Amino acid sequence: MGTNVLNIGQSALAAAQMGITTTGHNIANSSTPGYNRQVLVQTANSPQNLGGSFVGQGVSISQIQRQYNQFIGQQVNSSQTSLNQVNAYSKQIQQINNLIADPTAGVTPALQDFFKSVQNLSSSPNGTAGAAARQAVISNGQALANRFTSLQGRMDQIRSDVNGEIAGAVSAINAYSTQLAALNDTIAKSQSTTGSPPNDLLDQRDLLVTELSKLTKVTVIPQDNKYNVFIGNGQPIVLGGTVNQLQVSVSPTDPNRSEVAYTSNGNVTLIPENGLPGGKLGGLFDFRANTLDPAQSAIGRVAVSIASTFNQQHALGQDLNGQMGGNFFNIAQPVNTPGAGNTTSALVTSKIVDASALSTSDYRLQITAPGTYKVTRLSDGQVTNSTSQPVVVDGVSMEFPQPPAAQPAAGDEYLIKPTSNAANSLAVAISDPNKLAVASPVNSSAPTTNTGSGKISSGNFDSLAASASTSATATISLVKTNDSFKASTLTPPVTLTYSGGSLTGFPAGQIVSVTNAGVTTNYPPPATVPYTSGAQISVAGMSFSIKNGAAAPSNGDQFSLAASTPVASTKLTFNSATNTLSGFPATANVTVTNGSSVTTYPAGSNIPYTAGSTISFGGSSFTVTGSPANGDVFNIAPNTNGTGDNRNALALATIQTKNVLAGNTTTIQGAYAQFVSLVGNKTAELQVSSASETKMLSQAVAAQQSESGVNLDEEAANLLRYQQAYQAAGKLMQIASQLFDALLTLGR
């Protein structure tokens, strides 16, 4: 009996000692990251049947159990993933927000100063004040260009920093993965050897999963005491003791863009950016795709619009040397990068043909079959398919050189970046103030001998190309030109001939695009273009239409395109009997605009007079008002001296308030303001999201700590409890010893 009591006391003593050890371990690790409280689990030994009664045999230690809730742990990890994604995004976007919203460092102040100097020039185009005003325009233009360049440089630096942080995150993921695989093996061996879970190793493994979840989305599937760990949208990175490493790779179409690749069995596969959501890595990818890329493109779009719009108007002016204005700004064309996997050396050429239609997206051009092209707008995935070139999308024209130049093969692809690098190239092209085209190359006048009250406006110069025709039945419209137009194209003039329902004679080597009812058809050189009345014809940077008047053109009718300078001297005479103006050039169609009504008359026609209507021919336009008397004349002539003339400067100043972007729905400054507002709103949204995610993580951690965390007060109470149990067990063993001694005494 004494022996039995001694054994019971010994088991109680051992249990109390183990309880003290476990409690001490909890206390020692109360501040250890990832530590889960451990609890001693005791089980009563099987009782012994003695004399018909079951007598207890003491206690056994079943296990030391860690207090870990897998589901709460998953909630903590999920919250960590969401919070770190938001914080990584917020940290990066804050840099851009601070940069563009600064009232002294942003583009807006420089833009306002530039147009203010243009307005000052329009007020004082000549003399000493004019010379100073001209220099101010050049200086403020350079300051504006420098502001764009500086902004682009800062964006490039942010992009480089993002690439570095992506590399750092990938290195950390690989390190955690290697440690997880090693722990998987160690835990599996320990548990198979002892049959008991190695709690501290399990804590270390779960802590690594938590740290990994800060970098990307993590999914854990337990299997045979091991963890299979998947990241992102399902990439297996740890399978038991096997690690599939990630690596940083350069984008096959953008050498400045870091991407993440997945290595398995020696094969390297790029992971799409949206394939690694969540965590710091997901936040960096989100920031780059949804803010940094659009931000650089938005800034570039504004720069392109300024350069394109200002250059087009400046080209219509005349400088102090009597020459037509050239480009005021220089800016680079879109960047085209062939895919690393292309099988040919063919290179695509892209150019901006309509700055007002530009988006803030990049594009992927793919060759799906020889002569078949697919353009994907990367911002929203919208696809444009074409079986001819050029392919024009959002104001960007893309085409390959004609044979014998190398031609692309099926599977080739190209990245087209119309505006993302444009701001970095903006520069002022003029250094001589005398070359500022402030004047207009056309003058109009009414002699004092006129007897009526008719007056003619000073006249405007509208186009570098003039249209004319010999047709008595069909007319050619005014010609619009874009930045790609070169005056040499019309030297000598281009003559289109109608015959058998088609037009021929287009500039050599040029593709002709015809748009009718929203459908564009391209005709390779030498182009024979089917005639469709009113269809828009685009070629060599010019666009116009030929339209039936009294009837369709006759065979042999010709439509010509010529340089509109120098301006042809013209004397218009008013005939009161017929209420018409005559004397227009015999080779120039005349277009009359009265409100929303636009009428084009064949060359040589007498034009009905309507007071206040705009009359356009040969690239020039003017307005006649009042009541001319019979025989009154109005003269149109070239401007021989730009001194004192500010008409083109006035037109340049109005660019600031014109809707020239987003399909002619907003101004340059309005587009920049929209971009600033978009970044500011996204920054505020992320700050709110960060606060929300922080609260959710705090609640998840609190729930986890309430179950798994070490409470020192509770552990102190446990320590006293086990101490008392230890003392009681010792007393029990003392009593058992005394009983045993008594039995031995009786035996003597």
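We count residues from 1, following the sequence as given. Heavy-atom basis, side chains included; hydrogens, waters and symmetry copies ignored. Model, not experiment: these values are computed from the prediction.
To the nearest 0.5 Å, atoms OH (Tyr68) and CG (Asn36) are separated by 7.0 Å. Atom CD of Gln119 and atom OG1 of Thr654 lie 10.0 Å apart (nearest 0.5 Å). Rounding to the nearest 0.5 Å places CE of Met155 at 5.0 Å from CG of Leu151. Going from atom CG of Leu183 over to atom OH of Tyr176 covers 13.0 Å, rounded to the nearest 0.5 Å.
No side-chain heavy atom of Phe675 sits under 4.5 Å from any side-chain heavy atom of Val302.
The pair Asp293-Arg257 counts as a salt bridge, with a side-chain nitrogen and a carboxylate oxygen less than 4.0 angstrom apart. Under the 4.0 Å criterion applied to side-chain N and carboxylate O atoms, Arg159 and Asp156 are not assigned as salt-bridge partners. A salt bridge does not link Arg288 to Glu165: none of the charged nitrogens lies less than 4.0 Å from a carboxylate oxygen.
Residue Gly141 comes nearest to Phe328 through the heavy atom pair CA-CE2, 4.5 Å, listed as atom of the first residue, atom of the second, then distance. Between Pro338 and Asn336, the closest heavy-atom pair is CD-O, 3.9 Å. Residues Pro390 and Ser397 come closest through the heavy atom pair CB-OG, 3.2 Å. Taking all atoms of both residues into account, the shortest heavy-atom contact from His314 to Leu652 is N-CD2, 3.7 Å. Shown here for Ser706 and Ala703, the closest heavy-atom pair between the two residues is OG-O, 2.6 Å. Residues Thr343 and Asp412 share a closest heavy-atom pair of N-OD1, 3.0 Å.
Between the side chains of Thr344 and Asn342, no donor N or O sits under 3.5 Å from an acceptor N or O. Checked by atom type, the side-chain pair Ser251/Asp254 shows no donor-acceptor distance below 3.5 Å. Checking Asn140 against Asp113 by side-chain atom types alone, no donor-acceptor pair falls below 3.5 Å.
Side-chain rings of Tyr89 and Phe285 stay apart, their centers remaining 6.0 Å or farther from each other. A centroid separation of 6.0 Å or more is found between the aromatic rings of Phe148 and Phe329.
Side chain of Thr216 to main chain of Leu212: no donor-acceptor pair is present (N/O by atom type, distance under 3.5 Å, no hydrogens or angles). Not one N or O on the side chain of Ser708 forms a donor-acceptor pair closer than 3.5 Å with the backbone of Gln705.
Sparse packing is recorded around NZ of Lys217, with 12 or fewer heavy atoms of other residues, nucleotides or ligands lying under 6.0 Å away.
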